[in-house]
Amino acid sequence: DKGGWSSFMAKEISEEPEAVAKTILGRVHDGAVTLTDLDPIADRLQQVDRVIVIACGTAAYAGILGKYAIEQWARVPVEVELAHEFRYRDPVLDDRTLVVSISQSGETMDTLMAVKYAREQGAQVLSICNTQGATIPRESDAVIYTHAGPEVAVASTKAFIAQGVALYLLGLHLATLKGTLTTEQIAEQVAELEGLAPKLQQTIEDASGIAELAKWMADTRSVLFLGRHVGYPIALEGALKLKELAYIHAEGFAAGELKHGPIALIEPGQIVFVIVPSPRDPRSLHPKVVSNIQEIRARGARVIAIAEEGDAAVLPFADEVLRIPLATPLFEPLLAVAPLHMFGMELAAAKGLDVDQPRNLAKSVTVE
Ligand code: BG6
């Protein structure tokens with residue numbers, strides 16, 4: 001039931017804040033994170049010295065996002081790999097490796113095969129899944145369920161954000177176990193997690209102009225997305241949504257990579273979305289991203305910046321600015337992704353396409 005919305009995807013984007021709230025519910029208390037979901041692997045978790053995240057599609061981009069948070073907080077090295085590549089390259093695994101699979105459906109065959117393989121090799125497997133009792137969680141040592149609710153539209157939206165939140169909870173849990181963050185530092189991150197849902201609601205409400213933007217771009221043949229650090233997986237996610245939904249050639253790049261190749265693609269009129277980090281953090285990459293914007297602007301690109309409220313530095317160089325509420329650097333991407341989800345949907349709608357059922361795609365791919 002679309003509940004009055006024009007598509008399941010529109011409904012599911014509107015449910016992104018709720019997906020966040022439900023995924024942290026019962027897992028944070030008094031500034032601390034308690035993941036009883038991890039009890040089945042608790043005795044081995046202390047020894048974990050490496051995390052490998054495996055997933056496909058959107059879920060793999062959530063994995064890249066999680067890498068930044070887990071490494072920063074828990075000081076454990078994290079690799080992220082597409083499940084189908086991982087499975088067939090003879091990866092080095094042992095009983096101190098924690099393999100984290102991410103799957104909305106819990107039925108993706110590529111991910112399932114990788115999970116089975118990792119366990120055969122002696123790794124412990126934790127799965128992040130949105131579907132209770134699906135095959136992947138049944139084949140895993142432990143499960144963190146994302147409580148995003150059923151997702152019907154083929155392109156994943158609310159599940160992506162819930163997967164990011166689940167990985168952040170895992171990062172804080174590991175940091176608690178390993179003592180890499182103080183109680184106060186953990187409490188600060190928990191407060192950010194608790195503040196996320198209302199900020200996401202605000203972001204979605206503020207982005208109502210996106211439908212107009214999408215109409216203006218309905219004939220566009222190519223769109224690029226740039227992001228740095230945690231903005232990078234969001235650039236990949238923004239591009240994937242345009243491929244899946246609007247059948248437009250789209251690519252996401254790490255902004256620092258621009259001068260090593262992609263800048264050659266910039267010609268007058270090229271539309272480029274740029275995810276701009278907050279200027280408030282002393283170690284912020286904001287000046288570097290603004291300079292990237294200047295470089296592409298000078299070559300005629302049309303820039304759509306996603307930047308926090310009050311960031312005036314982007315105004316002289318951007319054709320459009322989509323605003324997100326203030327958040328700390330690791331939490332900005334979970335806000336910035338919502339306007340990109342909306343943009344993919346609105347562009348598909350502006351082209352008269354089926355937003356929920358794009359051609360050639362299936363919600364759950366149960367063949368290798
Ligand atoms: C693809 C879907 O086939 O599978 C994507 O079209 C999805 O939207 C990917 O991200 C992974 O699916 P799942 O269920 O394993 O998260």
Side-chain angles (χ1 to χ4, degrees), residues 27 33-146 159 162-180 233 364-366 368:
R27 291 169 169 152
V33 171
T34 329
L35 279 181
T36 52
D37 315 74
L38 301 183
D39 285 353
I41 55 170
D43 52 334
R44 291 169 75 190
L45 219 45
Q46 192 80 48
Q47 274 76 51
V48 163
D49 63 3
R50 192 163 66 117
V51 174
I52 305 180
V53 179
I54 50 168
C56 302
T58 289
Y61 298 152
I64 301 177
L65 182 59
K67 172 186 164 79
Y68 291 88
I70 297 171
E71 289 191 340
Q72 184 174 320
W73 292 334
R75 309 306 299 150
V76 187
V78 182
E79 298 159 51
V80 184
E81 191 160 13
L82 296 169
H84 35 91
E85 287 295 319
F86 168 85
R87 168 67 185 84
Y88 294 104
R89 71 166 170 85
D90 203 5
V92 181
L93 302 170
D94 60 32
D95 60 0
R96 290 151 74 95
T97 310
L98 177 66
V99 169
V100 179
S101 99
I102 310 175
S103 174
Q104 188 287 129
S105 63
E107 301 295 345
T108 300
M109 185 58 77
D110 287 317
T111 309
L112 174 61
M113 294 312 281
V115 163
K116 287 186 172 173
Y117 177 80
R119 287 188 81 195
E120 279 160 23
Q121 302 301 309
Q124 44 194 331
V125 177
L126 164 67
S127 289
I128 293 175
C129 183
N130 196 47
T131 312
Q132 210 80 27
T135 310
I136 292 172
R138 279 193 276 117
E139 293 288 338
S140 306
D141 297 294
V143 193
I144 302 176
Y145 281 107
T146 46
Q163 287 158 354
V165 167
L167 288 161
Y168 281 29
L169 288 167
L170 174 64
L172 292 173
H173 182 91
L174 290 174
T176 309
L177 271 185
K178 293 183 176 288
T180 45
S364 147
V365 181
T366 52
E368 265 197 274

### Query
Between Lys67 and Glu71, is there a salt bridge with N-O shorter than 4.0 Å?
yes
### Summary
Separation between CG (Asn130) and CD (Gln132), nearest 0.5 Å, reads 9.0 Å
#### Entry: Donor-acceptor under 3.5 Å (Gln46 side chain, Leu177 main chain)
yes
### Summary
Residues Thr111 and Ile102: closest non-hydrogen pair is CG2-O, 4.2 Å
## Note on the structure
Partner of Leu167 under side chain to side chain contact (heavy atoms under 4.5 Å, CB included), picked from Ile70, Ile64, Leu65, is Ile70
### Task
Search all heavy atoms of Asp37 against all heavy atoms of Val143 and return the closest pair with its distance.
CB-O, 3.2 Å
## Note on the structure
All heavy atoms of Ser103 vs all of Gly106, minimum pair found to be OG-N, 2.8 Å
### Query
Can you tell me how far CG of Leu174 sits from CZ of Arg75, rounded to the nearest 0.5 angstrom?
13.0 Å
### Atom pair CZ (Arg119) and OG (Ser101), whose distance is rounded to the nearest 0.5 Å
11.0 Å
### Message
Treating Ser140 as the side-chain partner and Leu126 as the backbone partner, does any N or O pair qualify as donor plus acceptor under 3.5 Å?
### Response
no
### Task
Please check if any side-chain donor atom of Ser105 sits under 3.5 Å from a side-chain acceptor atom of Thr131, or the reverse.
no
### Task
Over all heavy atoms of both residues, which pair between Gly164 and Ala62 is shortest? Give the atoms and the distance, please.
N-CB, 4.3 Å
### Query
Are Cys129 and Ile136 close enough that some pair of their side-chain heavy atoms sits under 4.5 Å apart?
no
#### Entry: pair Gln163-Gln104: side-chain heavy atoms closer than 4.5 Å
yes
### Task
Under the side chain to side chain donor-acceptor pair (under 3.5 Å) rule, what do Thr135 and Glu107 come out as? Steps first, then yes or no, please.
CA-CA 6 Å; Thr135 310; Glu107 301 295 345; 2.5 Å; yes
### Task
I would like to know whether Tyr117 and Asp90 meet side-chain contact (heavy atoms from CB on, under 4.5 Å); could you show each step before the answer?
CA-CA 10 Å; Tyr117 177 80; Asp90 203 5; 3.8 Å; yes
### Query
Counting N and O atoms only, with roles assigned by atom type, does the side chain of Tyr145 sit under 3.5 Å from a partner on the main chain of Gly133, one being a donor and the other an acceptor?
yes
#### Entry: Under 3.5 Å donor-acceptor, Ser364 side chain and Thr108 backbone
no
### Task
Before giving the answer on side-chain contact (heavy atoms from CB on, under 4.5 Å), spell out for Leu38 and Leu170 the whole-Å C-alpha distance, their side-chain angles and the decisive distance to 0.1 Å.
CA-CA 9 Å; Leu38 301 183; Leu170 174 64; 3.9 Å; yes
### Query
Minimum heavy-atom separation for Asp95 to Arg44, with atom names?
CB-NH2, 3.5 Å
### Distance in Å, Lys116 NZ paired with Gln121 CD, rounded so as to fall on 0.5 Å steps
14.5 Å
### Query
Is there a side-chain contact (heavy atoms from CB on, under 4.5 Å) between Leu169 and Ile144 once you walk through the steps?
CA-CA 10 Å; Leu169 288 167; Ile144 302 176; 5.6 Å; no
### Distance in Å, Leu45 CG paired with Arg96 CZ, rounded so as to fall on 0.5 Å steps
12.5 Å
### Query
Going from CD on Gln124 to CG on Leu98, what distance comes out if it is rounded to the nearest 0.5 angstrom?
5.5 Å
### Query
Hey, mind stepping through Asp94 and Arg50 against salt bridge (Lys or Arg N to Asp or Glu O under 4.0 Å) and telling me if it holds?
CA-CA 10 Å; Asp94 60 32; Arg50 192 163 66 117; 5.9 Å; no
### Summary
Here the pair of heavy atoms bringing Gly66 nearest to Tyr168 is CA-CE1, 4.4 Å
### Message
side-chain contact (heavy atoms from CB on, under 4.5 Å) for Leu172 and Trp73? Distances and angles first, verdict last.
### Response
CA-CA 7 Å; Leu172 292 173; Trp73 292 334; 3.5 Å; yes
### Query
Between the side chain of Arg87 and the main-chain N/O of Asp110, is any donor-acceptor distance below 3.5 Å?
no
